[in-house]
Amino acid sequence: MENLSVDRSVGIDGIAFELPKYYVDMTDLARARKVDPAKYCNGLGQLEMSVASPCEDTVTLAAGAGRRVINSFGINPDSIGLVIVGTETSVDHSKPVSSFVHQMLGLSKECRVIEIKHACYGALAGVSIATDWILSGRNQSKCALVIASDIARYELHSAGEPTQGAGAVALIISENPRLLSFETQFQGFYAKQVMDFWRPLYRKEALVDGHFSINCYLDALAGAYSMYQRSFRKNNIIQADKEELISSQFSACLYHVPFVKMAWKGHKKLLEQDWNLVIEKDTNEMEQATLDFQSRVSPYLKLNARVGNIYTGSLFLSLCEFISNVDHSMIDKKISLFGYGSGCAAEFFSARIVSSDQGKIKKEEIMNKRQKISIDHYEEILFASQLGDANDSTVCDPLKWNLDGPFLYLGTKNHIRTYESFLE
Ligand code: HMG
């Protein structure tokens, strides 16, 4: 069969992220929970956590990220032929988040508009589908807008509480991309039915078997990477015994980041698989793995450490940090990306760097706009958010939460969600 992938270059042409206005400091949260702050800050690697107020939901965050990517990367809205929102915190059992976003961004009616759910994997599944749509040639020169948007909530005082977060990342997937070109000839997938993390229809907060979920993530990484290794060997005519370790070709390794320490656990697993050994404490291998993590993974976890888990967007938030740091010497180098969704599904793939973002992601500007809140204020927001989806609820008042847009949720009236755009 003809391999279309080698003929066409498909990848990421633009990327942008959006965050809620408020965040808490993890030291404050630890003290309020009578936990040693070192557990949250070093044990999990989290420094701050974004908090969405009742007027900020999955739709407003997605629209905010979509607007940023269109404006920053000069995308003609009429050139978007496919909109996919990946989310596991949708706002309706039937109506997709993407249809609200499609209207808020003023996109063409000649467009496919869908929402995808598979825990944190949903948006990456959207990126894969958009890539295949372009490779098939059915895109008719149009590009896809894929948005990852979520508000991660666990119960107050639970072990999962310090691994919450909220935010969205929007990506433009196109032919001849300006930022990253996917190596579509190499791919690794993994799926297995496990109850590691889920959210029954009657709950706002997720349920999780925390330590089991870590093992499920690592098994999925090992499985997806094994398949990637096989596809790499098949497509590169290199004898296995002469081949370089496959992961050593990556200038950076990006992971799904539910909390920063998880990326370390994942990278260690990847190296163990490549090196064909178990990395024990106090060994040369551990020293080498630590140095390798510090150079190829940890520089790209800064946003994740300050935002928390944003579920579908967490891999792409790390990618935002990476792309903001690309310099000329890295052009044409390869990176790896690993996405995991509980339940579970995973994908391991690689891409080549085309160029840097040239300041378009505006990382500092977005981070500096946020406001720190106290733990009392955070708890008030979480209690109010429980009521935000109720019909005719009064908690979604932008003045009460001191918000001014660009997109806000004003509550559900006559059973219809209402939104306002505050654009100049
Ligand atoms: P826990 O059980 O309270 O924490 O919750 P712990 O006792 O395992 O401690 C965590 C780490 O802190 C450990 O490090 C401790 O040693 C260390 P490790 O042994 O793992 O290297 N520690 C300290 N370090 C310094 N000073 C101290 C101290 N005390 C302890 N004083 C857990 C941790 C992650 C289980 C919990 O937060 C949780 O359940 N989180 C949610 C689940 C999760 O994030 N799972 C990740 C994999 S599944 C996934 O990624 C999918 C997901 O994104 C959802 C989706 O797909 O939709 C979650």
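Starting from 1, each residue takes its place in the sequence as its number. All figures in this text were calculated on a predicted structure; none of them were measured in a lab. Whatever order the structure lists ligands and atoms in, that order sets their numbers, starting from 1.
- Minimum interatomic distance between Leu29 and Met49 (heavy atoms only, all atoms of both residues): CD2-CE, 4.2 Å.
- In this structure, Phe197 has its ring center closer than 6.0 angstrom to the ring center of Tyr311.
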Note down each nitrogen or oxygen pair, ligand 1 side and protein side, whose separation is under 3.5 Å; give only atom names and the distance to 0.1 Å.
residue  : atom   : partner : partner atom : Å
ligand 1 : 2 (O)  : His211  : NE2          : 2.8
ligand 1 : 3 (O)  : Lys39   : NZ           : 2.7
ligand 1 : 4 (O)  : Lys39   : NZ           : 3.3
ligand 1 : 8 (O)  : His211  : NE2          : 3.3
ligand 1 : 14 (O) : Lys261  : NZ           : 3.2
ligand 1 : 20 (O) : Lys265  : NZ           : 2.5
ligand 1 : 21 (O) : Lys261  : NZ           : 2.7
ligand 1 : 31 (N) : Asp36   : OD2          : 3.0
ligand 1 : 37 (O) : Ala159  : O            : 2.8
ligand 1 : 40 (N) : Thr163  : OG1          : 3.2
ligand 1 : 45 (N) : Ser213  : OG           : 2.8
ligand 1 : 50 (O) : His256  : NE2          : 3.2
ligand 1 : 53 (O) : His256  : NE2          : 2.9
ligand 1 : 53 (O) : Asn309  : ND2          : 3.1
ligand 1 : 56 (O) : Cys120  : N            : 3.2
ligand 1 : 56 (O) : Ser342  : N            : 2.8
ligand 1 : 56 (O) : Ser342  : OG           : 3.4
ligand 1 : 57 (O) : Glu88   : OE1          : 3.1
ligand 1 : 57 (O) : Glu88   : OE2          : 2.4
ligand 1 : 57 (O) : Cys120  : N            : 3.1

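- A cation-pi arrangement is absent between Arg296 and Phe250 under the rule of less than 6.0 angstrom and at most 45 degrees off the ring axis.
- Ring planes of Trp401 and His377: parallel class, angle under 30° (limits at 30 and 60°).
- Applying the side-chain contact (heavy atoms from CB on, under 4.5 Å) test to Ile129 and every residue at least two apart in sequence or in another chain returns Ile84, Ile116.
- Among Phe348, Phe349, Phe189, the one residue that satisfies the ring pair (Phe, Tyr, Trp, His ring centres under 6.0 Å) test with Tyr228 is Phe348.
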